[in-house]
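Let me begin by presenting the structure, written as structure tokens, before commenting on it.
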Amino acid sequence: MSFVRDTYLVETPPPGMNVGVLGWLRGNLFSSASNTLLTLFGMYVLWTVVPPLIEWALLDAVWQGSGREACLVEGAGACWAFVAAKFGQFIYGTYTFEERWRVDLAFLAGALTVGLLMIERMPGRRYIAVFGLLIYPVIAYILLTGGMFGLPEVETTLWGGLLLTFVVASVGIVVSFPLGIVLALGRRSQMPVMRVLSVIYIEAWRGVPLITVLFMASVMLPLFLPAGTNFDKLLRVLIGVALFSSAYMAEVVRGGLQAIPRGQYEAASALGLGFWQANLLIIMPQALRLVIPGIVNTFIGLFKDTTLVMIVGLFDFLGSIQVNFSDANWATPQTAATGYAFAALVYWIICYSMSRYSMRLEARLNEGTRRA
Amino acid sequence: MNEDSMAIEITGLNKWYGAFHALKEIDLTVRRGDRIVICGPSGSGKSTLIRCINRLEEHQQGRIVVNGIELNNDLKRIDEVRAEVGMVFQSFNLFPHLTILENCTLAPIWVRKLPKAQAHEMAMSYLARVQIADQADKFPGQLSGGQQQRVAIARALCMNPEIMLFDEPTSSLDPEMIKEVLDVMITLAGEGMTMLCVTHEMGFARTVADRVIFMDEGQIVEENAPEEFFNNPQHPRTQEFLSQILSH
């Protein structure tokens with residue numbers, strides 16, 4: 001038996017699959033008896049949860065009013081009037097009323113910087129990044145604390161609300177990221193002293209709950225400091241949060257470093273690149289790209305953990321909402337539920353945005369490197 | 001002998017991995033322009049030997065002098081040696097997050113401190129020489145194995161090295177791609193580059209090498225001109241090895 005092909009076969013499209021809405025439904029929702037049961041069960045759950053939620057949050061909700069009476073109507077749903085009335089406090093805490101424009105300005109500048117950075121084809125993106133990392137924090141610091149350039153000082157004890165949440169989270173993120181990278185490199189270092197110190201640091205911070213760290217920072221630290229030293233409470237908390245999350249960041253980055261093949265280090269060395277050059281130009285760009293999901297996961301965790309500053313007497317976003325539950329003028333059965341729903345919504349929007357952005361970033365960075 | 005004509009001088013080299021004696025009493029002298037092929041069974045220490053030359057592996061005993069610089073614990077000098085010694089790996093080891101062009105310009109810019117435009121121009125000329133200039137803006141993952149290895153050679157050449165080390169450059173390539181890489185290496189040899197190649201391409205060894213070194217169990221067993229080496233191997237282990245690889 002012998003065979004010689006005389007013409008090459010040409011490409012043909014794959015055989016037709018189930019198309020159209022009905023095809024999709026049959027393929028994905030009702031493909032078998034058990035899948036049909038699960039689909040029906042899922043629909044039942046949605047039916048019991050979604051309509052009442054919509055009724056409570058939107059249809060029966062009270063949107064306007066200047067006091068509790070508005071929300072005490074029979075059958076009233078969410079008391080959004082409460083959120084509207086207290087909105088300023090949720091955002092600024094007890095920040096001096098006349099100076100709130102400074103917070104707005106800082107928010108605006110921050111949002112603008114981040115927004116411009118997210119535009120991929122933005123000219124001069126590098127300079128915007130440098131501005132965001134080096135100059136913006138200074139401007140924000142001057143704006144928020146004041147006490148110079150003719151701005152009256154606003155003590156950090158007055159800060160609160162979303163402002164405080166953003167301050168704690170962004171300082172935590174910006175400090176813990178580079179610190180985590182250095183610690184991860186230290187943990188993989190050839191030098192025993194560097195390695196041991198990094199391991200001790202990471203394991204010590206990871207082994208302690210954040211609440212303990214915050215208590216230590218605000219209650220115990222002053223005991224060790226010389227009497228009379230007044231060390232801003234917010235600053236102590238910021239340092240605690242940043243050091244705490246850098247330990248987590250270090251472990252995430254280490255995971256990425258371990259995934260880089262040895263050949264990459266060897267190729268970099270063989271070309272004469274030194275330790276820092278090899279790490280900054282070759283290893284880190286690849287390692288960080290691999291662990292974007294882990295990094296963003298840590299950032300999201302950090303963002304939500306900022307709510308814990310409540311226990312040392314700082315009123316972040318959630319704290320500011322809770323404090324207002326006890327306002328007699330707004331004491332209604334719906335106040336707390338509405339407040340928590342609002343907090344959940346805001347946290348969710350912020351965290352989900354971070355998550356979406358990280359997915360887009362990942363997709364974009366992988367565009368070129370994926371095999372075509 | 002004129003010091004300047006020496007590219008590499010290895011005397012009494014010993015290396016251990018833990019208790020395993022990987023290289024035993026290696027003596028090797030390479031003059032400028034020498035083209036040396038190192039072969040031997042796997043685990044014979046041939047890769048380890050050439051990796052000692054740019055100190056990807058650290059040796060414990062003996063002297064290695066490359067380009068007049070002795071390899072010791074002086075890290076600054078080691079980077080100096082590495083800048084003058086190009087290396088091509090079995091697994092290419094291109095940087096996947098950089099384009100082909102960036103792979104080639106990175107070290108000239110950061111190690112040689114060349115201006116960007118100049119590094120760019122040089123990289124393009126080397127990419128043209130390995131016939132891959134049209135792929136300069138692609139990423140390594142988009143190229144075939146043979147193309148990637150040619151880029152790796154161009155990347156090493158961009159540093160204008162005095163010596164090129166090849167560590168089994170064709171071993172992970174499909175048969176159809178081996179030739180395109182060997183052709184580049186043959187051209188390079190024709191231009192007088194000092195080359196040390198660990199390879200099993202005996203045809204390449206015959207046409208290009210001045211000397212063929214056969215290693216087994218961490219030592220040099222036989223060293224000879226290719227004609228003699230292939231036609232009249234002396235050591236029984238060499239004869240056995242050659243009969244194994246040439247018989248199929």
Heavy-atom count check: over 12 atoms from other residues, nucleotides or ligands less than 6.0 Å from [X] [atom1]?
| X | atom1 | value |
| --- | --- | --- |
| A:Arg125 | CZ | yes |
| A:Tyr141 | OH | no |
| B:Glu191 | CD | yes |
| B:Gln61 | CD | yes |
| B:Glu70 | CD | yes |

What are the two closest non-hydrogen atoms of [X] and [Y], and how far apart are they?
| X | Y | value |
| --- | --- | --- |
| B:Phe95 | A:Ala267 | CE2-CB, 3.9 Å |
| A:Ser269 | B:Leu56 | CB-CD2, 3.9 Å |
| B:Asp79 | A:Gly274 | OD2-CA, 4.0 Å |

At what distance, to the nearest 0.5 angstrom, does [atom1] of [X] lie from [atom2] of [Y]?
| X | Y | atom1 | atom2 | value |
| --- | --- | --- | --- | --- |
| B:Leu98 | A:Gln286 | CG | CD | 7.5 Å |
| B:Leu106 | A:Leu273 | CG | CG | 5.5 Å |
| A:Ile282 | B:Asn93 | CD1 | CG | 11.0 Å |

Would you mind checking which part of [X] comes under 4.5 Å of any heavy atom in chain A, side chain (CB onward), backbone (N, CA, C, O), both or neither?
| X | result |
| --- | --- |
| B:Phe89 | side chain |
| B:Glu57 | side chain |
| B:Ile78 | neither |
| B:Arg112 | neither |

So, do [X] and [Y] sit near enough that their side-chain heavy atoms are less than 4.5 Å apart?
| X | Y | value |
| --- | --- | --- |
| A:Gln264 | B:Pro96 | yes |
| B:Trp110 | A:Leu280 | no |
| B:Met87 | A:Glu266 | no |

Got a donor-acceptor contact below 3.5 angstrom from the B:His97 side chain to the A:Leu365 backbone?
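Pair absent, no side-chain N/O of B:His97 close to backbone of A:Leu365.
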
Under 3.5 Å, is there a donor-acceptor pair between the side chain of B:Asn54 and the main chain of A:Ala270?
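Such a contact is absent between B:Asn54 side chain and A:Ala270 backbone.
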
Which bit of A:Gln277 comes within less than 4.5 Å of chain B, counting heavy atoms only: side chain, backbone, both or neither?
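When you check distances to chain B, only side chain atoms of A:Gln277 fall under 4.5 Å.
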
